[in-house]
Amino acid sequence: LKKEIPKRLSRARQKKHIKSRGQKHPDIERKALLADETGTIFKTAPRTIGLCYPNPYHTAMSSLGYQVVYRMFNAYPLLAAERLVLPLDPDNYRQRGLQPLSIESGRPLGSFEILAFSVAYDPDITGFFELLDLGGIPIQRKDRRSTDPLVILGGPLTASNALPFSPFIDLAVIGDAEDALSRLIPLLAEATDRDALFQQAAEIPGIWIPEYHGEKIPPTQKVTVNALPAVGQIITPNTELSNMFLIEASRGCPRFCKFCLVRSPESPMRENNLEDILNAIPAHAPRVGFVGAAISEWTGIRPAIRAVVDRGMGVGISSLRADRLDTEFVNLLAAGGYRTMTVAADAASQRLRNKMAKGIRTRHLIKAAQLAAQAGMQKLKLYVVIGLPGEEEEDLAELVALTQELSRIIPVALGLSPLVPKLHTPLGDTPFAGIQAIDHTLKTLRKDLKGVAEMRSTSAKWAWIEYRLSQGDESAGLAALEAWRAGGRFSHWKQAFRDVEERGALNAARRVNLWQPAGMK
Ligand code: SF4
């Protein structure tokens, strides 16, 4: 799941990009990006939709979902879609009175009749505010006029908690979008009256219209394998996944990890046919990225990698389970140019992994390191969730000992994520560990692993903001708006959330009888 969600640009990289490109006029910037793309769709149609991504281009174009929706909208004869992404330096745009321009034709954001946002991650709500604001569009729905654009929400975030977006959007697609969009797109293309559009759209499973449905969000949609595979459209060197053609070989997961949104049965594994996958890969793709939360469980993964390597293409994999690795598999990855083995331990100790139903054992992680080293890879990246319920000092000591052991085999990079309990998972009502506790854990690990492994972590404060949004209701969205308007520093977030109910979304779900967390049982 972590690898499914595109990474945000680090501050240092943002600064570098701003320095090199960000001060240019948006039209020069977008033309430079276009020149590097293959697969761009240029289309004119009676109505054009602005497809917005609340993060910069670099992250947007690593999102397979964003690319799929781009193609789906453009496939409808009466509709065209153009992409709009968050500028690297929104304040600079603001000071210069500039609007974000669509990448395809340079059309200003505020001139679209419909804006559809793809949002992956709760704190990206601030990028959503930035884009609307830069486009001169009132952020709250209640302040918009009928001549302002219709604002639509979709993306991975909707599978968790879309309630904070309630005051800002007209309509959302909840969960897998393919089926709902195939019915919504003709309505968007042909509607002449918004009320009629809403009435018809409200009948589509998975469509949430806050003004009609209130806090009763419809069940998260899961498409069948017939709507898959999701296939990329644009190849560009200017992304996290440089020059990579993305294809989703499987969706969902057969496992049951208790913190995970993609777990079965919430998102059962849907496997695509190997032949369909291979046939969808264009001959000009320099690299192929196989996407899927449980891609190493996909039965076609080995022959698919072999076929791609035989075609002389590089390979990327969105995530690997350590217990699925063996010499043949790892050597195939190495032949496809894989230099860093990325696996998830997902808990600091075996005791906690068992408690989370992770199904990975310490020996699998050690074996992964050995296989990576034998295949000539340069690094093992290990993802660990900290702040899990019941985590003790001994669990952290076990993580330190394991990291030391792994680092004797291959250089190790630890990626630490504080647990942000998500709705629709058994841990949905688990308490957040707290900023102090997370900071203490990070400090301890940094001290004990100094010189042993690289360590990267989401900050405790940032995790708290994510927690408040992922558990919040409409008032959390309004608090985010207040914090963003005040300047977006942590003190602003803290102040804005002072009177906001901490479990607003969970309590709303209970009120309207939607969903209950199963807990740790
Ligand atoms: S293996 Fe576990 S963490 Fe990974 S996608 Fe499946 S349920 Fe989620």
Side-chain angles (χ1 to χ4, degrees), residues 1-7 63-65 120-121 156-157 159-161 175-176 220 222-223 225 228-230 246 248-272 289-301 316-325 329 341-365 367-368 380-389 391 399 414-428 430 458 463 466 470 517-521:
L1 178 63
K2 289 177 202 87
K3 297 290 284 180
E4 285 268 272
I5 296 176
K7 274 192 284 176
S63 165
L64 178 55
Y121 180 51
L157 169 102
S160 160
N161 180 24
D176 290 347
T220 307
K222 300 287 166 201
V223 296
V225 77
L228 307 176
L246 299 173
E248 189 186 37
S250 65
R251 190 172 292 185
C253 182
R255 310 272 179 161
F256 296 90
C257 308
K258 293 191 173 172
F259 49 81
C260 181
L261 268 168
V262 187
R263 71 196 296 274
S264 188
E266 283 84 353
S267 182
M269 179 92 164
R270 285 146 284 169
E271 293 203 51
N272 288 299
F290 293 107
V291 177
I295 191 69
S296 47
E297 313 263 354
W298 177 47
T299 45
I301 190 64
I317 301 273
S318 63
S319 61
L320 288 166
R321 268 189 71 97
D323 58 350
R324 306 289 295 182
L325 300 175
F329 195 174
M341 169 69 73
T342 304
V343 290
D346 276 342
S349 68
Q350 191 57 54
R351 181 183 76 85
L352 288 176
R353 275 193 288 282
N354 295 346
K355 224 169 142 188
M356 294 300 131
K358 180 69 196 168
I360 292 286
R361 306 204 64 81
T362 303
R363 65 182 156 81
H364 296 133
L365 300 169
K367 178 97 182 286
L380 178 84
K381 205 184 263 180
L382 188 69
Y383 282 116
V384 182
V385 180
I386 55 172
L388 285 167
E391 184 183 270
L399 176 62
L414 272 188
L416 300 169
S417 310
L419 176 73
V420 175
K422 298 286 178 184
L423 302 185
H424 307 286
T425 69
L427 299 192
T430 301
T458 312
E466 185 187 345
S470 67
M520 290 293 291
K521 293 186 284 298

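Each ligand, and each atom within it, is numbered from 1 in the order the structure gives. Given the structure is predicted, the values throughout are model-derived calculations rather than measurements. Residue numbers start at 1 and run along the sequence shown.
Contact atoms of ligand 1 toward R263: 7 (S) (distance under 4.0 Å to a heavy atom of the residue). Near C257, meaning under 4.0 Å from one of its heavy atoms, ligand 1 places the atoms 1 (S), 2 (Fe), 3 (S), 7 (S). For ligand 1, the atoms lying closer than 4.0 Å to a non-hydrogen atom of R321 are 1 (S). In the vicinity of C260, heavy-atom distances shorter than 4.0 Å reach the ligand 1 atoms 3 (S), 5 (S), 7 (S), 8 (Fe).
Qualifying side chain to side chain donor-acceptor pair (under 3.5 Å) partners for S470, counting only residues two or more places apart in sequence or in other chains: none. The side chain to side chain donor-acceptor pair (under 3.5 Å) search around N272 returns none, not counting sequence neighbours.
Using a distance-only test at 3.5 Å, with no hydrogens or angles considered, no donor-acceptor pair links the side chain of D323 to the main chain of H364. Here the side chain of R321 pairs no donor or acceptor atom with the backbone of E297 at under 3.5 angstrom.
Residue C253: an N/O/S atom is found under 2.8 Å from atom 6 (Fe) of ligand 1.
P418 approaches L416 most closely through the heavy-atom pair CD-O, 4.0 Å.
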